[in-house]
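Here the structure is a predicted model, which means the values were calculated and not measured. Per chain, numbering begins at 1; letters A, B, ... match sequence-line order.
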Protein chains: 2
Amino acid sequence: MGITKTDFFTSKQNQLANLAKALANPARIAIVEYLLKVDSCICGDIVTELPLAQPTISQHLKELKNAGIIQGTIEGKSICYCLNADAIQILQTFFSKIITKVDKNKCC
Amino acid sequence: MGITKTDFFTSKQNQLANLAKALANPARIAIVEYLLKVDSCICGDIVTELPLAQPTISQHLKELKNAGIIQGTIEGKSICYCLNADAIQILQTFFSKIITKVDKNKCC
DNA sequence: TTTATATATTGCAATATTACGATATAATTT
DNA sequence: AAATTATATCGTAATATTGCAATATATAAA
């Protein structure tokens with residue numbers, strides 16, 4: 001069909017999948033890395049930094065914002081974006097738990 | 001277009017995006033969580049566990065395996081799957097670095 | 001060797017994603 | 001107010017993803 005069976009999974013599973021989906025693109029990884037480096041910036045800075053058109057960057061920022069990975073604050077005629085550690089913490093916790101719990105000896 | 005501009009990004013950025021993409025689906029999150037619980041299992045166990053058809057589970061397992069998140073070992077007529085902590089470690093390291101480096105005071 | 005069991009592959013329909021040109025919106029500057 | 005600057009939205013084409021029925025493959029059991 002092409003539609004994920006969201007209803008059959010828990011809200012936690014859907015939350016993790018949505019956060020992962022927001023980062024499932026190299027341009028959005030690059031945006032996150034850039035924001036980590038400069039702490040905060042405006043959309044135009046990213047357009048200059050990455051080899052993608054302005055509407056494309058704007059769309060990627062929207063997806064990161066919808067997922068809660070970044071936040072945007074209106075500052076005059078531009079919008080200041082920065083990372084939201086809380087959302088990334090959810091992913092970090094999930095992967096940390098896996099790392100500590102995986103028992104290589106019980107693997108096949 | 002619908003095609004990611006892979007060539008314009010670093011291999012590290014593409015690697016992180018591909019790992020995230022492998023987990024960007026609640027069914028695959030559920031598979032990972034199930035594998036974490038039972039340490040290892042066969043495809044049929046997951047088909048019983050999740051509300052998806054056998055070909056769909058098989059496809060999800062293939063994607064997780066291609067991304068390096070799980071490994072499969074042939075055991076007679078079935079295939080034993082388990083988590084590969086190394087791949088998940090890459091994501092964990094990335095997110096840990098973000099968490100420790102994000103400076104909330106420099107946010108907008 | 002026929003049958004059963006376990007998983008993978010193929011083919012397809014429905015939907016989602018990626019990218020961008022054109023254009024809209026909204027605040028700033030002149 | 002008109003021009004400029006910064007970002008968002010719309011529309012669209014190309015491609016990718018999701019899910020499954022049908023079928024193929026491959027090993028084990030009878």
Counting C-beta onward and ignoring hydrogens, is there a side-chain heavy-atom pair between A:I46 and A:C41 closer than 4.5 Å?
yes
Mind listing the closest non-hydrogen atom pair of [X] and [Y] along with its distance?
| X | Y | answer |
| --- | --- | --- |
| B:L64 | B:R28 | CG-CD, 3.9 Å |
| B:N18 | B:A67 | O-CB, 4.4 Å |
| B:S78 | B:I42 | OG-CG2, 3.6 Å |
| B:L35 | B:C82 | CD2-CA, 4.1 Å |

Between A:Q13 and A:T10, a side-chain donor and acceptor under 3.5 Å
yes
Those residues of [range] lying under 4.0 Å from DNA chain C by at least one heavy atom:
| range | result |
| --- | --- |
| residues 41-57 of chain A | A:L52, A:A53, A:P55, A:T56 |
| residues 68-82 of chain B | B:K77, B:S78, B:I79, B:Y81 |
| residues 7-27 of chain B | none |

Please list all pairs meeting salt bridge (charged side-chain N to carboxylate O under 4.0 Å, His left out) that have one or both residues in residues 40-50 of chain A, counting only residues at least two apart or in different chains.
none
Phosphate oxygens OP1/OP2 of D:dT17: is one of them under 4.0 Å from a side-chain N or O of B:H60?
no
With sequence neighbours excluded, tell me which residues meet side-chain hydrogen bond (donor to acceptor under 3.5 Å, both in side chains) with A:Q15.
A:K12
Please give, in whole Å, the distance from D:dA16 P to B:N66 CG?
15 Å
Between D:dT18 (P) and B:I31 (CD1): distance, integer Å:
11 Å
Criterion side chain to side chain contact (heavy atoms under 4.5 Å, CB included) against B:S58, the qualifying member of B:K62, B:H60, B:Q54
B:Q54
So what does B:Q59 hit on the nucleic acid, given a heavy-atom distance under 4.0 Å: a base, only sugar-phosphate, or nothing?
base
Could you give the side-chain donor-acceptor pairs of residues 85-98 of chain B under 3.5 Å, partners two or more places apart or in another chain?
residue, atom, partner, partner atom, Å
B:Q89, NE2, B:Q92, OE1, 3.1
B:Q89, NE2, B:T93, OG1, 3.3
B:Q92, NE2, A:S96, OG, 2.7
B:Q92, NE2, B:S96, OG, 3.0
B:T93, OG1, B:Q89, O, 2.8
B:S96, OG, A:Q92, NE2, 2.7
B:S96, OG, B:Q92, O, 3.0

